[in-house]
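Here's the structure, in structure tokens; my notes come after.
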Amino acid sequence: MTRHAHVRPILLVEDDPDVRDALRLTLEEAGYDVVCAGEGREALARVRGSPPPSLILLDLMLPVMDGFEFRVQQMQDPEIASIPVIVFSCGGDLQEKVAPLRVAACLRKPVDVDALLELIGVLTKARDASRLRAPRRRRIKGGAARRRSSSRE
């Protein structure tokens with residue numbers, strides 16, 4: 001399993017404990033660090049924490065503060081507004097519902113795990129590359145050299 005050490009944790013916001021645990025385990029098996037929240041207010045506290053997540057996976061139907069209100073508050077906070085969000089929910093007209101929320105992507109439940117992992121890979125790499133372009137190149141070269149030398153031992 002490859003760890004995505006250069007990627008900050010992913011925030012998974014889902015109120016159903018079975019779905020949340022299944023997604024968390026899937027993401028961890030894919031090498032991602034995952035932080036979970038069961039509703040919007042808890043998610044806001046976690047996203048404002050340190051380090052902020054690299055990506056937010058957001059269910060829309062949540063108790064206390066739903067995903068719509070979470071996203072509105074996120075967009076209003078300049079410190080966290082640029083963190084990409086993938087929305088997942090059930091129900092019809094999902095694209096129309098989330099259009100005002102300006103999310104990176106939306107997936108219908110039950111979530112297609114392969115599509116989710118592909119989206120996460122694209123979004124976290126793009127975000128990481130835009131923030132750490134030069135240092136990232138140096139780390140890749142150094143990491144490859146270290147891997148080669150350690151594999152000979």
Side-chain angles (χ1 to χ4, degrees), residues 1-62 64-89 94-95 97-144 146-147:
M1 170 181 63
T2 302
R3 295 298 304 165
H4 300 280
H6 65 283
V7 177
R8 291 184 314 236
I10 293 171
L11 175 61
L12 171 60
V13 188
E14 168 61 61
D15 62 318
D16 183 317
D18 294 331
V19 173
R20 184 175 56 234
D21 288 344
L23 285 171
R24 180 184 53 78
L25 287 171
T26 298
L27 294 170
E28 287 175 348
E29 287 175 4
Y32 294 100
D33 291 325
V34 181
V35 175
C36 296
E39 52 87 13
R41 277 193 293 185
E42 178 186 4
L44 274 176
R46 292 199 187 277
V47 79
R48 289 178 173 140
S50 181
S54 60
L55 175 70
I56 300 168
L57 305 178
L58 179 66
D59 184 17
L60 292 177
M61 298 299 131
L62 300 167
V64 184
M65 176 191 288
D66 67 20
F68 293 98
E69 182 60 27
F70 167 86
R71 180 64 178 145
V72 167
Q73 289 197 27
Q74 180 199 5
M75 290 188 302
Q76 292 173 348
D77 185 335
E79 296 292 318
I80 60 173
S82 66
I83 300 171
V85 174
I86 298 174
V87 164
F88 51 92
S89 194
L94 185 58
Q95 295 285 347
K97 286 181 191 176
V98 300
L101 301 179
R102 300 188 317 260
V103 297
C106 57
L107 298 173
R108 198 170 301 288
K109 282 184 175 178
V111 175
D112 178 334
V113 173
D114 292 331
L116 178 63
L117 290 174
E118 184 177 333
L119 273 170
I120 290 171
V122 167
L123 291 171
T124 56
K125 285 177 188 165
R127 183 167 171 82
D128 188 49
S130 69
R131 297 179 75 122
L132 302 171
R133 196 169 303 260
R136 186 166 181 243
R137 286 189 197 125
R138 279 189 232 114
R139 282 190 209 133
I140 290 172
K141 290 178 184 175
R146 279 193 296 275
R147 281 194 299 275

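Please read all numbers here as calculations on a predicted model, not as lab measurements. Below, all heavy atoms of this structure are taken into account, side chains as well, without hydrogens, waters or symmetry copies. One is the number of the first residue; the rest follow in order along the sequence.
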Carefully, step by step, assess V13 and D59 under the rule side chain to side chain contact (heavy atoms under 4.5 Å, CB included). CA-CA 6 Å; V13 188; D59 184 17; 5.9 Å; no

For side chain to side chain contact (heavy atoms under 4.5 Å, CB included), just list the numbers for Y32 and L55, CA-CA rounded to whole Å, side-chain angles, deciding distance to a tenth of an Å, and then say yes or no. CA-CA 11 Å; Y32 294 100; L55 175 70; over 6 Å; no

L23 vs L57, test: side chain to side chain contact (heavy atoms under 4.5 Å, CB included). Steps then yes/no. CA-CA 10 Å; L23 285 171; L57 305 178; 5.9 Å; no

Step-by-step side chain to side chain contact (heavy atoms under 4.5 Å, CB included) determination, L101 to L58: CA-CA 12 Å; L101 301 179; L58 179 66; 6.0 Å; no

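Here the shortest heavy-atom pairing between G38 and D15 reads O-CB, 3.2 Å. Closest heavy-atom contact between C36 and R24: SG-CD, 3.8 Å. Of all heavy-atom pairs between R102 and R71, the closest is O-NH2, 2.7 Å.
F68 places a side-chain heavy atom less than 4.5 Å from the side chain of M61.
The line from CG of L11 to CG of D33 is 13.0 Å long, rounded to the nearest 0.5 Å. Between L107 atom CG and L116 atom CG the span is 6.0 Å, to the nearest 0.5 Å. Distance CZ/F88 to CG/D112: 13.5 Å, rounded to 0.5 Å. In this structure, the separation between CG on L62 and CD on E14 is 7.0 Å, given to the nearest 0.5 Å. The structure places CD1 of I10 at 5.5 Å from CG of L27, a figure rounded to the nearest 0.5 Å. Note that CG of D114 and CG of L119 are 11.5 Å apart. Values are rounded to the nearest 0.5 Å.
Remark: side-chain polar atoms of R8 are not paired, donor with acceptor, to backbone N or O of P51 under 3.5 angstrom.
Checked against side-chain contact (heavy atoms from CB on, under 4.5 Å), R108 has the following partners two or more places apart in sequence or in another chain: L94. Scanning for side-chain contact (heavy atoms from CB on, under 4.5 Å) contacts around I80 gives L44, V47, R48, Q74, D77, I83, with sequence neighbours left out. Remark: E42 pairs with A37, E39, R46 by the side-chain contact (heavy atoms from CB on, under 4.5 Å) rule, at least two apart or across chains. Taking R41 as the reference, nothing meets the side chain to side chain donor-acceptor pair (under 3.5 Å) condition, with sequence neighbours excluded. Remark: P17 engages R20 in a side-chain contact (heavy atoms from CB on, under 4.5 Å) (not counting sequence neighbours). In this structure, E118 has no side chain to side chain donor-acceptor pair (under 3.5 Å) partners at least two apart in sequence or on a different chain.
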